[in-house]
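Here's the structure we're looking at; comments come further down.
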Amino acid sequence: MKKKKLIDKRPSWDQYFLEMAALVSKRSTCLRRSVGAVLVREKRILATGYNGAPSGLKHCIEVGCMRQKLKIPSGERHELCRALHAEQNALIQSSLHGISVKGATLYATNQPCVICAKMLINAGIKEIVIAQGYPDKLAMDFLKQAKIKVRKI
């Protein structure tokens, strides 16, 4: 009876990796949205990333949010931000350490933007599992065209 209760409380693999993405997001230095990403293949973590300024540069929590100051709505003008997105940082980390992500699944707290979607397509990501959406229809259109499965849990 005890064994059954433990099994029932055990998270699914999707829940497990999404919870890890949520934990990774706590390192974010963005003032508007904390995002975490975990790249996984065969139930093994390949790399993680969160949104924040490039290494050695001041973070938004130190200098303020450029996007907020310019009143740029969420989902628009991604290039006007000092931070890298969580997905970008996860891809960069895997590259820095010589880890192929071809065929991997991305677990993320939010749907990728169009810039990240294009990078994920070219990196060979096969599936994306997200906890929340993001106002970027073009990203979803590109992922669909690339036949990358996107699931919201």
Side-chain angles (χ1 to χ4, degrees), residues 10-63 65-68 72-153:
R10 198 168 180 215
S12 70
W13 285 108
D14 285 341
Q15 292 168 328
Y16 177 72
F17 291 123
L18 276 178
E19 285 181 30
M20 287 195 171
L23 177 62
V24 171
S25 77
K26 292 180 179 185
R27 292 280 306 153
S28 169
T29 57
C30 178
L31 296 169
R32 293 175 81 173
R33 184 188 311 263
S34 296
V35 180
V38 179
L39 286 166
V40 175
R41 188 176 48 235
E42 297 174 6
K43 298 178 185 164
R44 300 289 180 256
I45 295 171
L46 304 174
T48 65
Y50 55 87
N51 53 334
S55 297
L57 299 186
K58 289 188 177 191
H59 293 278
C60 299
I61 56 175
E62 299 170 281
V63 298
C65 177
M66 180 188 324
R67 293 175 59 80
Q68 233 166 9
I72 298 170
S74 185
E76 296 178 18
R77 303 295 311 268
H78 304 291
E79 75 281 5
L80 295 177
C81 180
R82 71 184 297 109
L84 289 151
H85 288 185
E87 302 91 336
Q88 293 168 340
N89 271 325
L91 290 171
I92 291 166
Q93 286 303 307
S94 63
S95 175
L96 280 172
H97 298 286
I99 301 166
S100 171
V101 296
K102 186 176 183 180
T105 297
L106 174 81
Y107 287 87
T109 56
N110 295 83
Q111 173 205 307
C113 72
V114 68
I115 294 169
C116 291
K118 291 186 283 187
M119 294 173 119
L120 294 164
I121 291 165
N122 275 7
I125 301 303
K126 68 170 183 171
E127 182 178 26
I128 298 171
V129 181
I130 59 172
Q132 296 177 33
Y134 185 74
D136 195 331
K137 185 182 176 321
L138 186 58
M140 292 303 283
D141 290 345
F142 280 11
L143 293 168
K144 185 177 181 178
Q145 288 175 45
K147 296 180 176 46
I148 295 176
K149 186 176 180 181
V150 178
R151 294 186 291 125
K152 186 175 177 184
I153 304 285

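All of these numbers come straight from a predicted model, not from anything done at the bench.
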When the ring planes of F17 and W13 are compared, do they come out parallel, tilted or perpendicular, using 30° and 60° as the limits?
parallel
Would you check if the side chain of E62 reaches a backbone N or O of H59 as a donor-acceptor pair within less than 3.5 Å?
yes
Side chains of S74 and R33 only: does a donor on one sit below 3.5 Å from an acceptor on the other?
yes
With a 4.5 Å cut-off on side-chain heavy atoms, are V150 and Q111 touching?
no
Look up atom SG in C81 and atom CZ in R32, then write down how far apart they are to the nearest 0.5 Å.
8.5 Å
Roughly how far, to the nearest 0.5 Å, is the CG atom of N51 from the OG1 atom of T109?
7.5 Å
Test log, rule side-chain contact (heavy atoms from CB on, under 4.5 Å), inputs L39 and T48
CA-CA 6 Å; L39 286 166; T48 65; over 6 Å; no
Trace of the side-chain contact (heavy atoms from CB on, under 4.5 Å) decision for V40 with L46
CA-CA 5 Å; V40 175; L46 304 174; 5.9 Å; no
Worked verdict on L120 versus L106 for side-chain contact (heavy atoms from CB on, under 4.5 Å):
CA-CA 9 Å; L120 294 164; L106 174 81; 3.7 Å; yes
Contact summary for R41 and G103, nearest pair of heavy atoms:
CG-O, 4.2 Å
Side chains of V35 and S28, heavy atoms from C-beta outward: is any pair under 4.5 Å?
no
Could you state the interatomic distance from CG (L31) to CZ (R67), rounded to the nearest 0.5 Å?
12.5 Å
Could you give the distance from OG (S12) to CD1 (I153), rounded to the nearest 0.5 Å?
7.0 Å
Only counting residues at least two apart or in another chain, list the ones meeting salt bridge (charged side-chain N to carboxylate O under 4.0 Å, His left out) with E79.
R77
How close do P112 and A117 get, heavy atom to heavy atom, and via which atoms?
CB-N, 4.2 Å
Measure the SG-CG distance between C116 and L91 for me, rounded to the nearest 0.5 Å.
8.0 Å
Check whether the side chains of Y107 and D14 place a donor and an acceptor atom closer than 3.5 Å, and report yes or no.
yes
Inspect the surroundings of CD in E42 and state if more than 12 heavy atoms from other residues, nucleotides or ligands are less than 6.0 Å away.
no
When you measure from the side chain of R82 to the backbone N and O of P54, does any donor-acceptor pair fall under 3.5 Å?
no
I61 and T29 have their tightest heavy-atom pair at CG2-O, 3.2 Å
Is there a donor-acceptor pair under 3.5 Å between the side chain of R27 and the backbone N or O of G36?
no
Pair up each side-chain donor or acceptor in residues 130-148 with any protein partner under 3.5 Å, not counting sequence neighbours, and list the distances.
from : atom 1 : to   : atom 2 : distance (Å)
Y134 : OH     : G75  : N      : 3.1
D136 : OD1    : L138 : N      : 3.4
D136 : OD1    : A139 : N      : 3.2
D136 : OD2    : H78  : NE2    : 3.2
D136 : OD2    : V114 : N      : 2.9
K137 : NZ     : D141 : OD1    : 3.3
K137 : NZ     : D141 : OD2    : 3.2

4.5 Å side-chain heavy-atom contact, I115 and Q88
yes
Going from CG on L84 to CG on N89, what distance comes out if it is rounded to the nearest 0.5 angstrom?
5.0 Å
Correct closest heavy-atom pair for S34 and S25 would be CB-O, 3.6 Å
E127: salt bridge (charged side-chain N to carboxylate O under 4.0 Å, His left out) partners, not counting sequence neighbours:
R151
